[in-house]
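Structure, as structure tokens:
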Amino acid sequence: MKKQIFILLAALCAQAASAHITLDQTKAVAGSYQKLTFKVGHGCDGSATHTLKVILPETVSGAKPMPKAGWKIDTVIENLSTPYTSHGKTISRDVREISWTGGPLPDAYYDEFSVQVKLPETAGKLAFKVVQLCEKGRLDWVEIPTGDQAAKGLKTPAPVLEILEKTEATHQH
């Protein structure tokens, strides 16, 4: 029995050691409004997290971050290279970065940070670069797999969302 418990604890520790910033959802429908939840599984080499910054691809629009008790939200709004129309208005500036600052989130715990966005109309993979600042150090979750490369082979992979065609998503249900 003790050996089984030891094996279970070793497996759990291995999972925690390989934890990254991940998205709660891995797939979503093109052109839909989607809640994206970024899961923070650990701090920086044992140090507590005090800031999480999500950099949004320009094809994502209308970002609205969810408030968290004990955390302050800041957004960076920038000019868009291609304006879009929303509710009859032309939008030429939009949120490009969202930062949650506060906590702190100790290394021994995990938490989730959410934002609602409108996804692009085209299918494909969409990477969200994330910067994690800790009391001691930082982790830049910005590596994007290329070609057939798997994210598992990267040291600090960016969370990736697979955008499905509307017809493709209908067939999956």
Side-chain angles (χ1 to χ4, degrees), residues 19-41 44 49-105 110-134 138-151 154-173:
H20 300 302
I21 303 288
T22 59
L23 275 168
D24 194 34
Q25 348 21 38
T26 58
K27 297 178 183 182
V29 179
S32 67
Y33 285 91
Q34 181 71 39
K35 176 183 168 187
L36 301 176
T37 302
F38 295 87
K39 298 181 348 182
V40 179
C44 309
T49 300
H50 63 71
T51 302
L52 191 76
K53 177 169 65 170
V54 176
I55 301 153
L56 301 171
E58 189 164 313
T59 56
V60 169
S61 59
K64 293 183 178 186
M66 180 183 283
K68 291 184 68 60
W71 296 81
K72 178 184 174 230
I73 297 174
D74 288 308
T75 59
V76 174
I77 298 172
E78 295 179 351
N79 291 329
L80 301 174
S81 60
T82 307
Y84 66 91
T85 302
S86 176
H87 304 288
K89 295 180 183 177
T90 299
I91 308 297
S92 59
R93 296 174 49 80
D94 208 349
V95 175
R96 297 295 90 212
E97 293 180 9
I98 300 166
S99 296
W100 288 268
T101 305
L105 172 60
Y110 97 99
D111 205 346
E112 299 176 338
F113 298 79
S114 297
V115 57
Q116 178 182 295
V117 299
K118 183 166 191 298
L119 297 174
E121 297 291 337
T122 54
K125 294 193 177 194
L126 201 55
F128 294 83
K129 294 180 178 180
V130 179
V131 176
Q132 180 182 10
L133 302 176
C134 299
R138 70 184 276 161
L139 290 166
D140 295 320
W141 302 98
V142 298
E143 293 179 292
I144 299 169
T146 56
D148 291 338
Q149 182 182 27
L154 301 174
K155 184 178 178 187
T156 54
V160 175
L161 180 68
E162 185 178 353
I163 309 291
L164 304 173
E165 292 285 345
K166 291 177 185 177
T167 56
E168 187 179 348
T170 303
H171 288 100
Q172 285 194 352
H173 292 290

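- In this structure a side-chain-to-backbone donor-acceptor pair under 3.5 Å is present from Gln25 to Lys35.
- The number of heavy atoms from other shown groups lying within 6.0 Å of OH (Tyr84) is above 12.
- You'll find the side chain of Leu154 stays beyond 4.5 Å of the side chain of His20, heavy atoms only.
- Nearest heavy-atom pair across Val76 and Glu78 is CG1-OE2, 3.8 Å.
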Let me check something: any side-chain donor-acceptor pairs from residues 121-133 under 3.5 Å, sequence neighbours excluded? List them with distances.
unit_1	atom_1	unit_2	atom_2	d
Glu121	OE1	Lys166	NZ	3.3
Glu121	OE2	Lys118	NZ	3.1
Gln132	OE1	Trp141	NE1	3.0
Gln132	NE2	His42	O	2.6
Gln132	NE2	Thr49	OG1	2.8

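- Between the side chain of Glu97 and the backbone N or O of Lys53, no donor-acceptor pair lies under 3.5 Å.
- In this structure, Thr156 contributes its side chain and Asp140 its backbone to a donor-acceptor pair below 3.5 Å.
- In this structure, Leu52 CG and Ser99 OG are separated by 8.0 Å, a value rounded to the nearest 0.5 Å.
- Side-chain contact between Pro159 and Thr22 is absent, with no heavy-atom pair separated by less than 4.5 Å.
- At distances below 3.5 Å, not a single donor-acceptor pair connects side-chain atoms of Gln34 with backbone N or O atoms of Ala28.
- Atom CG of Leu161 and atom CG of Asp24 lie 11.0 Å apart (nearest 0.5 Å).
- Side chain of Trp100 to main chain of Met66: a donor-acceptor pair is present (N/O by atom type, distance under 3.5 Å, no hydrogens or angles).
- Side-chain N or O atoms of Arg96 include one that pairs as donor or acceptor with a backbone N or O of Pro57 at under 3.5 Å.
- With hydrogens and angles disregarded, no donor-acceptor distance shorter than 3.5 Å links the side chain of His50 to the backbone of Gly102.
- Contact detail for Pro83 and Ser81: the closest heavy-atom pair is CD-O, 3.9 Å.
- Distance check: Ser114 OG to Lys39 NZ gives 11.0 Å after rounding to the nearest 0.5 Å.
- Contact annotation: the side chain of Thr26 never approaches that of Glu162 to less than 4.5 Å [non-hydrogen atoms, C-beta and beyond].
- For the atom pair Thr101 OG1 and Lys68 NZ, the distance stands at 13.0 Å (nearest 0.5 Å).
- Looking at every heavy atom in both residues, Leu105 comes nearest to Asp111 through CD2-CB, 3.7 Å.
- Between Ile163 and Pro120, the shortest heavy-atom contact is CG2-O, 4.2 Å.
- Taking the side chain as every heavy atom from C-beta outward, Val117 and Leu119 approach each other to under 4.5 Å.
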